[in-house]
2 protein chains.
Amino acid sequence: MSRRDFHRATEAERRHDLIEATLDCISEAGLQGATVRQIANKAGVTAGLIRHYFASKEVILQEAYKVLIARLTEKAKNLDGTPEERLSSFIFVNLTEPVANSRSLSLWAAFISRVSVDPALAAIHREGYLSFRQELEQLLADFFAARGMAADPARDRTLAIAMNGILDGLWLEGCLAGELFGEGELVSIAFSSIEALIGHPIAAPTQSEPDREYRDALRIHHR
Amino acid sequence: MSRRDFHRATEAERRHDLIEATLDCISEAGLQGATVRQIANKAGVTAGLIRHYFASKEVILQEAYKVLIARLTEKAKNLDGTPEERLSSFIFVNLTEPVANSRSLSLWAAFISRVSVDPALAAIHREGYLSFRQELEQLLADFFAARGMAADPARDRTLAIAMNGILDGLWLEGCLAGELFGEGELVSIAFSSIEALIGHPIAAPTQSEPDREYRDALRIHHR
DNA sequence: CGATTTGTTATACGCTTGAATAACTGCGAG
DNA sequence: CTCGCAGTTATTCAAGCGTATAACAAATCG
């Protein structure tokens, strides 16, 4: 009847581990599987500890949502290069690993399904969404400016909405049924759609050239 | 201490009412709020009755998911008119009431978040998805045929994926943050994006002409 | 109009949940 | 090296969960 061994961690470490364990639980078993006992178990501690770091289970879920949003959007910020390169990378990054995979989607959907129920989650969501779209608007504004076109915030806003929708939708398709698509197929579709939408070609990112096959297929009837 | 009054309903009625109650519970309080007691309460019966019609709570959730999918896709099937009109209506229908609203989204997200956990739900999802996309592929094939273009299944498949992505993404944006967009704005964006994608103009549905303002705005820089 | 079926209610059971609390102990301060 | 505190464990609690089952009564049928 000996007590279990344990080590005392710093607050930052513990909170991080617990949040990470929460995300793992949700992705593996859904929100219903993220019980305080499961989370604690996955983090290698006992259930009571969670309440030592988070006022309630709701709070740890909110913190986990913030972390998820940050993780899904951080890759798309701090892009460098010319405006065209940044726009191109933005598209690519949002449709490939590690942003686009089934784990991301199940986590995202789990939280989204609670956004309309829990006002605290709704606030977190809204902030993340607006920030993402503003980032995109700026990218578009820079892109057009680099092409010598006049500033036009209304145009940029509309295009950002449209492009955000396209990226979200293709991200979703890729996450949900990635095995149905060829390598780079979704990225190619995104480039073709967005090029058509904004009326300018965009060079694909240099780091990894997706099949041009599909883009060519799409272009057959453009001209 | 009198027993509660009740009336005996047909199996079809009861099952319908219980499934409807399930969807209500989920949309109002998330999957966690859809307990057998809450569902029964909303349906005006007692909890035990649920197990009389459904082998388990899992089963009633699966049936509810089937109903939701049918409801989200039925409007997009059985469209009539010319191929162009049907394609146009398809876009419109999927981005306006009753398909696009916040209730639809919270229901959809709740189930999606379990698709990766529950194989039975995954099967239901996959069937609905493939059926939806095939419908769209057929629409596109008819559209191109009506324009005298050669049949090209690969092209139709690729375009269907892209268009499905665009519609999903814009549907999502509209459901999540409908109040951020102007009346008909998302529909206009969808038309512009898809016209650009497939390389042909599509007349908007006759029943309700969305603001052409946004479409014109998008077109400024095309040409 | 009484018998019978079966849809429905009512109640109970075992289990899990989020939370509260008491007991323990690793570890840095002194 | 010891002390004391705060991080951690262990235990408990009430509430709610899905499920099982027996009693009841509304509708049907002869």
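Chain letters run A, B, ... following the sequence lines, proteins first and then strands; every chain starts at 1. Keep in mind it's a predicted model, so treat the numbers as computed, not measured.
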Checking B/Q138 now: which residues fulfil side chain to side chain donor-acceptor pair (under 3.5 Å) with it, not counting sequence neighbours? B/D142
When you measure from every atom of DNA chain D, which of residues 51-64 of chain B have a heavy atom less than 4.0 Å away? B/R51, B/S56, B/K57
Any idea which heavy atoms bring B/A141 and B/D156 closest together, and the distance? CB-OD2, 3.4 Å
Quick note, ring pair (Phe, Tyr, Trp, His ring centres under 6.0 Å) partners involving residues 6-46 of chain A, not counting sequence neighbours, are none
Does anything in residues 13-31 of chain A come within less than 4.0 Å of DNA chain C? Heavy atoms only, and list the residues if so. none
Atom pairs and distances, donor-acceptor, side-chain atoms in residues 90-101 of chain A, under 3.5 Å, two or more places apart:
unit_1, atom_1, unit_2, atom_2, d
A/N94, ND2, A/F90, O, 2.8
A/T96, OG1, A/F92, O, 2.9
A/E97, OE1, A/N101, ND2, 3.0
A/N101, OD1, A/R103, N, 3.2
A/N101, OD1, A/S104, N, 2.8
A/N101, OD1, A/S104, OG, 3.1
A/N101, ND2, A/P98, O, 3.0

Euclidean distance, atom NE2 of residue A/H7 to atom P of D/dG7 [Å, nearest integer]: 13 Å
Could I get the full list of salt bridge (Lys or Arg N to Asp or Glu O under 4.0 Å) partners for A/R14, not counting sequence neighbours? none
With sequence neighbours excluded, give me every ring pair (Phe, Tyr, Trp, His ring centres under 6.0 Å) pair touching residues 37-73 of chain A. A/Y65-A/F111
Between B/T22 and B/E63, is a side chain to side chain contact (heavy atoms under 4.5 Å, CB included) present by the stated rule, with each step listed? CA-CA 10 Å; B/T22 302; B/E63 297 298 316; over 6 Å; no
Contacts under 3.5 angstrom, residues 30-37 of chain B side chains, donor-acceptor by atom type, not counting sequence neighbours:
unit_1, atom_1, unit_2, atom_2, d
B/T35, OG1, B/Q38, N, 3.1

Could you tell me the separation between the CZ atom of B/R8 and the P atom of C/dG7, rounded to a whole number of Å? 7 Å
Can you list, by residue number, the residues of residues 40-50 of chain A that have a non-hydrogen atom closer than 4.0 angstrom to DNA chain D? A/V45, A/T46, A/G48, A/L49
Between atom CZ in A/R3 and atom P in D/dT9, what is the gap in whole Å? 9 Å
Can you name the side chain to side chain donor-acceptor pair (under 3.5 Å) partners of A/K42, sequence neighbours left out? A/E28
Atom CD of B/Q38 and atom C1' of D/dG16: how far apart are they, to the nearest Å? 11 Å
Remember a base hit wins even if backbone is also touched, and classify A/R4 as base, sugar-phosphate or nothing at under 4.0 Å, heavy atoms. sugar-phosphate
Set of side chain to side chain donor-acceptor pair (under 3.5 Å) partners for A/E58, sequence neighbours left out: none
Residue whose closest nucleotide on DNA chain C lies nearer the 5' end, A/Q32 versus B/T10: B/T10
Would you kindly give the CD-to-P distance between B/E11 and C/dG7, to the nearest whole Å? 8 Å
What residues, two or more places apart in sequence or in another chain, satisfy side chain to side chain donor-acceptor pair (under 3.5 Å) together with A/K75? none
